[in-house]
Amino acid sequence: MKDFLQLLNEFRARFGADAKIYRAPGRVNLIGEHTDYNDGFVLPAAIEFYCWVAAAPRADRKLVLHSENFNETIEANLDAISAARKNHWSGYPMGVAWALEAAGKHLKGANLLISGDVPLGAGLSSSAAIEVAVGFALLDQSGLSINLTELAQLCQKAENEFVGAHVGIMDQFISCYGRTSHALLLDCRSLEHRLVKLPPGIQLVICNSMVKHEIGSSQYNARRAACEEGVSTLRTVLPEIRALRDVTLAQLERHRALLSPKVYSRCHHVVTENDRVQSAVRALESANLRALGQLMPDSHRSLRDDYEVSCTELDLLVEIAAAQPGVIGARMTGGGFGGCTINLVESSAVEAFKPNVAAAYFAKTALQPEIYVSPAADGVCRVEVSSSKAGT
Ligand code: GLA
């Protein structure tokens with residue numbers, strides 16, 4: 001947990017003023033992968049890893065951002081935010097300021113000290129965390145009201161149009177709406193959402209493969225394109241559909257011959273994954289852990305074989321995890337091509353799980369995985385510094 005009194009002191013030393021503190025979490029997705037940009041369903045939870053922002057207003061329209069992680073300061077004028085350097089951390093916060101301004105939010109200039117503890121590049125949405133924390137901070141500093149759904153949408157817009165990553169809305173949404181002890185079922189078309197209580201006695205255990213394959217972002221866009229191709233072909237016979245969300249498995253099978261084998265496989269993943277999300281919610285709500293334990297490896301296989309976004313390291317981590325006592329289910333989580341797996345593990349088995357998985361993974365890859373145990377956490381907020389947790 002960040003020592004936010006220290007962050008306040010650092011802010012004072014750097015900017016000579018008192019600050020307010022904000023934080024937004026990263027996320028892990030329990031099930032529902034690559035469904036968000038197909039208008040489908042997802043079931044993520046926020047995790048206890050955050051992007052922290054200390055902020056104070058300025059008298060002018062300047063934005064001064066200092067990243068503690070990168071030890072770098074970047075400035076911009078809110079009246080003329082131009083494209084950021086490619087693959088540079090400042091693209092996310094600048095993009096959010098740009099999207100807020102473009103949506104007619106008249107922001108005040110501000111000094112921001114940004115410090116994140118979401119592992120970078122691990123598929124746990126450090127980018128959504130910085131976007132949402134900065135967006136929330138800028139709105140609050142400007143005395144503007146905050147609608148969390150709109151904030152999530154504008155953060156997604158920043159990432160799509162300013163940073164240039166064509167992600168769906170899952171990550172930003174859960175960073176806004178996460179809740180302690182709950183996952184969130186989100187309908188990515190209507191943005192209707194409801195909390196799903198996680199059963200007691202189970203922990204979310206995240207295994208970081210420590211690899212991030214470069215092809216990830218180009219392949220992400222290629223998968224989106226294949227889904228779009230599938231929809232436009234299927235519309236010739238199913239004119240009522242707008243997205244793969246609208247296609248049933250029976251319809252997909254009936255019209256399979258219209259699609260290339262690759263496009264069929266991509267569509268097959270999305271259609272079946274949407275069903276798995278619904279089944280997973282039913283399983284969680286009826287405490288049917290055995291059913292949930294089937295759905296997670298099914299999702300992983302579908303991502304590996306139909307969607308082809310897994311990699312040998314993720315497959316290995318899932319295989320090793322599945323062989324451990326007390327594991328309910330394991331699968332890759334996030335965009336794929338490296339990053340993390342999510343494991344639902346009985347609380348009493350977690351302590352043995354960690355060294356056993358680490359040793360078995362190391363033996364095969366010579367990589368030391370990082371393993372995080374995180375309760376489901378709350379979404380973005382302004383941290384009340386006077387609270388009893390100060391300094392913890
Ligand atoms: C990344 C994107 C999300 C989602 C996942 C895959 O995390 O940011 O929008 O598409 O991949 O489920």
Side-chain angles (χ1 to χ4, degrees), residues 24-47 49 51 91-92 95-96 118-132 152-178 183-189 191 193 206 208-209 212-213 215-228 243-245 266-267 269-274 276-277 280 295-296 299-300 302-304 306-311 314 331-342:
R27 66 97 189 90
V28 70
N29 190 17
L30 301 192
I31 199 160
E33 222 63 83
H34 290 277
T35 45
D36 60 352
Y37 53 82
N38 289 297
D39 278 4
F41 300 93
V42 292
L43 189 64
I47 53 175
F49 289 88
C51 176
Y92 300 100
V96 171
V118 185
L120 297 179
L124 299 176
S125 291
S126 57
S127 45
I130 185 174
E131 288 158 8
V132 170
Q153 287 172 313
L154 291 173
C155 289
Q156 183 199 13
K157 181 183 160 97
E159 192 152 345
N160 288 172
E161 297 177 26
F162 196 87
V163 176
H166 298 284
V167 295
I169 194 147
M170 168 170 71
D171 305 347
Q172 293 79 8
F173 207 91
I174 186 64
S175 187
C176 284
Y177 279 104
L184 184 92
L185 171 64
L186 171 65
D187 176 335
C188 297
R189 169 174 283 164
L191 299 187
H193 51 97
I206 301 163
N208 187 344
S209 67
K212 186 81 199 156
H213 296 293
I215 52 169
S217 54
S218 64
Q219 288 301 309
Y220 187 92
N221 293 339
R223 294 302 176 279
R224 281 196 80 141
C227 293
E228 282 158 22
L244 287 178
R245 143 75 173 276
R266 306 309 188 226
C267 296
H269 164 71
V270 174
V271 170
T272 56
E273 184 79 350
N274 272 327
R276 280 188 287 271
V277 177
L295 292 161
M296 292 180 72
S299 168
H300 185 80
S302 181
L303 288 157
R304 184 191 64 195
D306 277 350
Y307 220 62
E308 294 183 279
V309 291
S310 188
C311 59
L314 289 172
R331 56 180 287 279
M332 57 158 274
T333 186
F337 299 103
C340 293
T341 61
I342 170 71

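Just follow the structure's listing: the first ligand is 1, and inside any ligand the first atom is 1.
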Please check this pair: side chain of [X] against backbone of [Y], looking for a donor-acceptor N/O pair closer than 3.5 Å.
| X | Y | result |
| --- | --- | --- |
| Thr333 | Asn29 | yes |
| Gln156 | Val167 | yes |
| Glu273 | Gly32 | yes |
| Arg223 | His34 | no |

Inset, instruction - Could you please provide the protein residues found below 4.0 Å of ligand 1 on a heavy-atom basis, arranged by chain and number? - result: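 Contacts of ligand 1 under 4.0 Å: Arg27, Glu33, His34, Asp36, Tyr37, Val167, Gly168, Met170, Asp171, Tyr220, Gly334, Gly335.
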Legend entry - Side-chain donor-acceptor contact under 3.5 Å, Arg331 with Ser299: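 Note: Arg331 and Ser299 side chains meet the donor-acceptor criterion.
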Legend entry - Phe173 and His193 aromatic ring geometry - parallel, tilted or perpendicular at 30°/60° bounds: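 His193 and Phe173: perpendicular rings.
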